[in-house]
There are 2 protein chains.
Amino acid sequence: MARPQRLPKLQLIQSFAQVAEHGSLAAAAKAVGGSPATLSRHVSSLEAELGVTLFERRGDGLALTASGAALFAHAADVTAAANRFAAAASGQDQGLDGTIRI
Amino acid sequence: MARPQRLPKLQLIQSFAQVAEHGSLAAAAKAVGGSPATLSRHVSSLEAELGVTLFERRGDGLALTASGAALFAHAADVTAAANRFAAAASGQDQGLDGTIRI
DNA sequence: TTGGTTTACGTTTATCGTAAATATC
DNA sequence: GATATTTACGATAAACGTAAACCAA
């Protein structure tokens, strides 16, 4: 279990979560300051890599499938962990022994 | 707080964890099937991005600094979360309604 | 000198935005 | 017809391995 694995890129997971939260590529793109095309590619790449259809394509946006909803919870966990890592690093960076509780 | 952030790439965090576990670039490279040069770049990139020195360079390998050790715990959390994400996806992939509890 | 790390170099691969095409309501 | 997604395309940037250089015990 100490083996390294080929995991989906963090950025794809982030994009997935953003799109799920905003309900459309357009809205998510506006929020992250990127283009809808990029997010579309991210979502498609992730779906292809996982072999799972995450969203149902609708005329006015993207809606999570059942599988997508299940994975969204895990995606949130991943991004949360990554954010804690970054936050801890900032603390080490400034030498702050601030109260970063895990 | 719902804002997207610029987080370190997952691969860099994975490499960091592998090097920390194996104690040297050479050993970690052998384990992951890559080259020491790549891992050296990954570690350096991560250190530069975080502004933290993760390892002390010794003649026979790399030893975690105090800051590195603190961050290693978080790195393990991130990779664990990513692994759970991937595992959940594999479950969804096969259409297994296995007991994946969220 | 031996085992390990780092840098240099060239090539391959991935990533992105703009803009055109497509689909849905 | 309007809004959203997707694909095409070209350009920019990132990633890797090999091999040489460097450093420490």
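- The side chain of B:S40 places an N or O atom within less than 4.0 Å of a non-bridging phosphate oxygen (OP1 or OP2) of C:dT6.
- Going from atom CZ of A:R6 over to atom C1' of C:dA14 covers 11 Å, rounded to whole Å.
- Contact annotation: the side chain of B:L10 never approaches that of A:K9 to less than 4.5 Å [non-hydrogen atoms, C-beta and beyond].
- Residues A:H42 and A:V19 are not in side-chain contact: their nearest non-hydrogen atoms beyond the backbone lie 4.5 Å or more apart.
- Atom NZ of B:K30 is separated from atom P of C:dT5 by 11 Å (rounded to the nearest Å).
- Separating the CZ atom of A:F55 from the P atom of C:dT24 is a distance of 18 Å, rounded to the nearest angstrom.
- Straight-line distance from the CG atom of B:L39 to the P atom of C:dT5: 9 Å, rounded to whole Å.
- Residue A:H42 contributes atom NE2, which lies 10 Å from atom C1' of C:dA14 at whole-angstrom precision.
- Between the CG atom of B:L7 and the CD atom of A:Q11 there is a distance of 10.0 Å, given to the nearest 0.5 Å.
- Nucleotides of DNA chain C nearest to B:D60 and A:L12 differ in position, and the one nearer the 5' end is that of B:D60.
- In this structure, the CG atom of A:L46 is 16 Å from the P atom of C:dA14, given to the nearest Å.
- Between B:Q11 and C:dA14 there is no side-chain N or O to OP1 or OP2 distance below 4.0 Å.
- Residues B:S24 and B:R41 both approach DNA chain C. Their nearest nucleotides, taken by heavy-atom distance, put B:S24 toward the 5′ side.
- Side-chain contact annotation: B:T38 with B:R41, donor-acceptor N/O pair under 3.5 Å present.
- Residues B:D77 and A:F85 have side chains not in contact (no heavy-atom distance under 4.5 Å, counting atoms from C-beta outward).
- When each of C:dT18, C:dA8, C:dT5 is scored by its nearest atom to the side-chain atoms of A:S35, the top-ranked nucleotide is C:dT18.
- Think of the region where chain B sits on DNA chain D: with heavy atoms and a 4.0 Å cut, that region ends 5' and 3' at D:dA14 to D:dA24.
- A salt bridge links B:E47 to B:R57: one of the charged nitrogens lies within less than 4.0 Å of a carboxylate oxygen.
- Mapping B:A37 and B:S45 onto DNA chain D by nearest heavy atom places B:S45 at the nucleotide closer to the 5' end.
- Distance, B:E56 CD to C:dG4 P: 17 Å, rounded to whole Å.
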**OP:** Would you sort out whether A:V52 and A:L54 count as a side-chain contact (heavy atoms from CB on, under 4.5 Å), showing the intermediate values?
**Re:** CA-CA 6 Å; A:V52 174; A:L54 299 170; 4.1 Å; yes

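- The shortest distance between side-chain heavy atoms of B:L39 and B:F16 does not fall below 4.5 Å.
- When the side-chain nitrogen and oxygen atoms of A:K9 are compared with OP1 and OP2 of C:dT15, one or more of them lie within a distance under 4.0 Å.
- For B:R58 and C:dG4, the shortest distance from a side-chain N or O to OP1 or OP2 is not below 4.0 Å.
- Under the 4.5 Å side-chain criterion, counting only non-hydrogen atoms from C-beta, A:P8 is in contact with A:L50.
- Nucleotide C:dT5 holds its P atom 13 Å from the CD atom of B:E47, rounded to whole Å.
- As judged by a 4.0 angstrom heavy-atom cut-off over every strand, A:A26 is placed among residues touching the sugar-phosphate backbone only.
- Put simply, CD on B:E56 and CG on B:L64 are 10.5 Å apart, with the number rounded to the nearest 0.5 Å.
- Between its two ends, the helix from C:dT1-D:dA25 to C:dC25-D:dG1 turns its axis by 40°, counting five pairs per end and rounding to 10 degrees.
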